[in-house]
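In this text the structure is predicted, and so the values were computed from the model without any measurement. Just follow the structure's listing: the first ligand is 1, and inside any ligand the first atom is 1.
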Amino acid sequence: MTTTAPACAIPVAGDAVPEEELVARATAAREALGNRLVILGHHYQKHEVIRFADVTGDSFLLARRGAEATEADLVLFLGVYFMAEAADILAQPHQRVILPDLTAGCHLAECADIFTVNDAWEQITAHLPGRTIVPLTYMNSGADLKAFVGRNGGAVCTSGNAERAFRWARERGDMVFFFPDEHLGRNTACRLGMAPTAPVVWDPRHADLGGIAPDRLTASEIVLWKGFCNVHTAFTVRQIEETRAAHPDVTVIVHPECPYPVVEAADEDGSTEYIIRRLGEMPAGSTVAIGTDWNLVDRLRLQHPDKTVFCLKEDLCPCVTMNRITLPKLTWALESLAAGEVPNVVTVDDGMARDARLALDRMLTL
Ligand code: SF4
């Protein structure tokens with residue numbers, strides 16, 4: 001993966017400009033670009049930038065929508081780095097993907113890197129000769145990890161199709177190696193009827209077999225990477241208990257990146273798209289506590305004034321990296337594009353993109 005501008009190429013004086021002026025400037029630049037530009041906005045983005053999005057959604061949906069906007073040669077992603085990479089992997093040859101702040105990463109995605117995953121793969125396959133191991137990576141992973149699973153017969157999955165992906169992988173092999181989210185992996189294994197303790201957890205800080213006893217690894221069917229999202233692991237069972245005590249009629253919905261005990265204690269769990277859909281289905285007067293990023297929950301609260309909607313952890317910090325995309329940076333990116341410069345282009349190397357696309361295409365066949 002390469003980029004065409006240094007990570008420091010972001011405006012630092014923008015915060016001094018009044019918000020109304022930034023909105024007016026961003027709007028003018030966006031209008032000047034017309035159909036040449038499509039703006040994709042992830043659900044966890046701040047209000048101040050998501051209002052400029054032509055399409056909102058989860059990372060995979062957005063990457064596809066960018067590629068479908070064939071009249072656009074510029075795809076501006078309001079999200080984090082792995083999402084912009086995915087958009088570039090699926091992009092048309094004439095499209096370039098722009099991320100207004102190249103430092104907008106993802107804690108979860110960065111829990112696994114190609115070097116430690118390669119090392120784990122070599123150790124597991126050497127320990128289990130003759131076994132068919134199918135690697136699966138969550139969408140929240142680098143392009144190099146998506147390419148790794150593509151090369152090794154595996155697939156990408158999202159939080160919305162993880163159960164189908166695990167079934168698919170188990171039909172093809174006798175072990176699933178899933179990274180980087182331990183919690184989504186365990187919650188998915190439980191949905192398949194396994195005990196929460198059945199999967200083994202590979203800790204990359206351990207040099208030997210990820211800290212797993214050799215006989216346990218031999219006996220296991222699912223190996224999970226010890227990675228987590230720092231937003232979704234902030235939710236606890238105690239918060240659910242206290243919420244139920246304060247609101248006896250509450251429905252608690254959490255994201256499957258939350259730890260298993262939280263998912264088990266909640267009424268429902270599902271992807272961001274699931275949470276948005278469920279809110280729409282619920283009758284007026286419903287009380288709903290949601291365990292996912294604060295920006296999305298706050299937007300849902302505003303969109304459903306007939307319901308009581310709140311975050312399961314009221315003082316939750318929004319995802320820090322998602323929030324790196326600010327109105328000043330978006331304005332700077334739009335004005336640069338309107339002036340004929342294309343800053344902060346995210347590019348995945350052709351070979352890596354080809355292998356990663358294999359893994360994404362396999363997901364589409366699930
Ligand atoms: S909320 Fe979690 S998974 Fe999503 S971008 Fe932030 S750190 Fe990554």
Side-chain angles (χ1 to χ4, degrees), residues 7 40-47 49-50 53 56-63 77-87 97 99-113 117 136-146 156-162 165 178-188 224-236 239 253-260 262-263 266 269-276 290-300 311-326 329 346:
L40 310 174
H42 190 270
H43 292 307
Y44 293 168
Q45 288 286 291
K46 292 178 185 221
H47 304 326
V49 295
I50 196 107
T56 59
D58 63 22
S59 54
F60 183 61
L61 178 142
L62 291 175
F77 214 116
L78 305 174
V80 296
Y81 202 91
F82 79 81
M83 299 178 182
E85 284 187 326
V97 179
L99 186 65
D101 185 341
L102 293 173
T103 70
C106 163
H107 178 277
L108 171 56
E110 288 160 19
C111 286
D113 63 73
V117 168
L136 288 179
T137 189
Y138 189 26
M139 191 69 189
N140 299 37
S141 60
D144 46 5
L145 292 180
K146 291 183 177 78
V156 177
C157 72
T158 66
S159 53
N161 65 21
F178 179 68
F179 41 84
D181 191 1
E182 174 187 346
H183 303 292
L184 176 64
R186 180 171 295 106
N187 290 323
T188 306
L224 306 177
W225 194 262
K226 194 173 179 60
F228 64 97
C229 163
N230 50 357
V231 174
H232 289 100
T233 50
F235 298 107
T236 64
Q239 290 158 8
I253 310 178
V254 300
H255 193 280
E257 288 171 20
C258 295
Y260 171 74
V262 175
V263 169
D269 70 284
S271 64
T272 49
E273 298 292 342
Y274 174 88
I275 293 169
I276 292 166
I290 302 177
T292 195
D293 181 70
W294 190 90
N295 281 325
L296 173 59
V297 178
D298 196 49
R299 200 165 303 125
L300 289 171
C311 187
L312 181 58
K313 180 174 167 27
E314 288 285 12
D315 58 350
L316 180 75
C317 287
C319 175
V320 175
T321 48
M322 279 279 182
N323 277 4
R324 287 194 179 150
I325 309 298
T326 60
K329 292 171 192 165
V346 175

task = Considering non-hydrogen atoms only, spot the tightest contact between Tyr138 and Asp181 and give its length.
result = CD2-CB, 4.2 Å
inquiry  = Which label fits Phe179 and Trp225: parallel for a plane angle under 30°, tilted from 30 to 60°, or perpendicular past 60°?
reply    = perpendicular
query = By number and element, which atoms of ligand 1 are closer than 4.0 Å to a non-hydrogen atom of Glu257?
reply = 3 (S)
note = Among non-hydrogen protein atoms, atom 2 (Fe) of ligand 1 lies closest to Cys229 SG, 2.3 Å
message = Could you check whether His255 and Phe235 have their ring centres less than 6.0 Å apart?
response = no
query = At the 4.0 Å heavy-atom cut-off, does Asn140 count as touching ligand 1?
reply = yes
ask   = Hey, which atoms in ligand 1 end up nearer than 4.0 Å to a heavy atom of Asn230?
value = 7 (S)
task = Run the numbers for me: atoms of ligand 1, each under 4.0 Å from some heavy atom of Cys319, listed by number.
result = 1 (S), 5 (S), 6 (Fe), 7 (S)
message = Checking Thr292 against Tyr44: is there a side-chain donor and acceptor pair closer than 3.5 Å?
response = yes
query = Does Cys106 put an N, O or S atom under 2.8 Å from atom 8 (Fe) of ligand 1?
reply = yes
request  = Working to the nearest 0.5 Å, report the span between CG of Asp293 and CG of Asn323.
outcome  = 7.0 Å
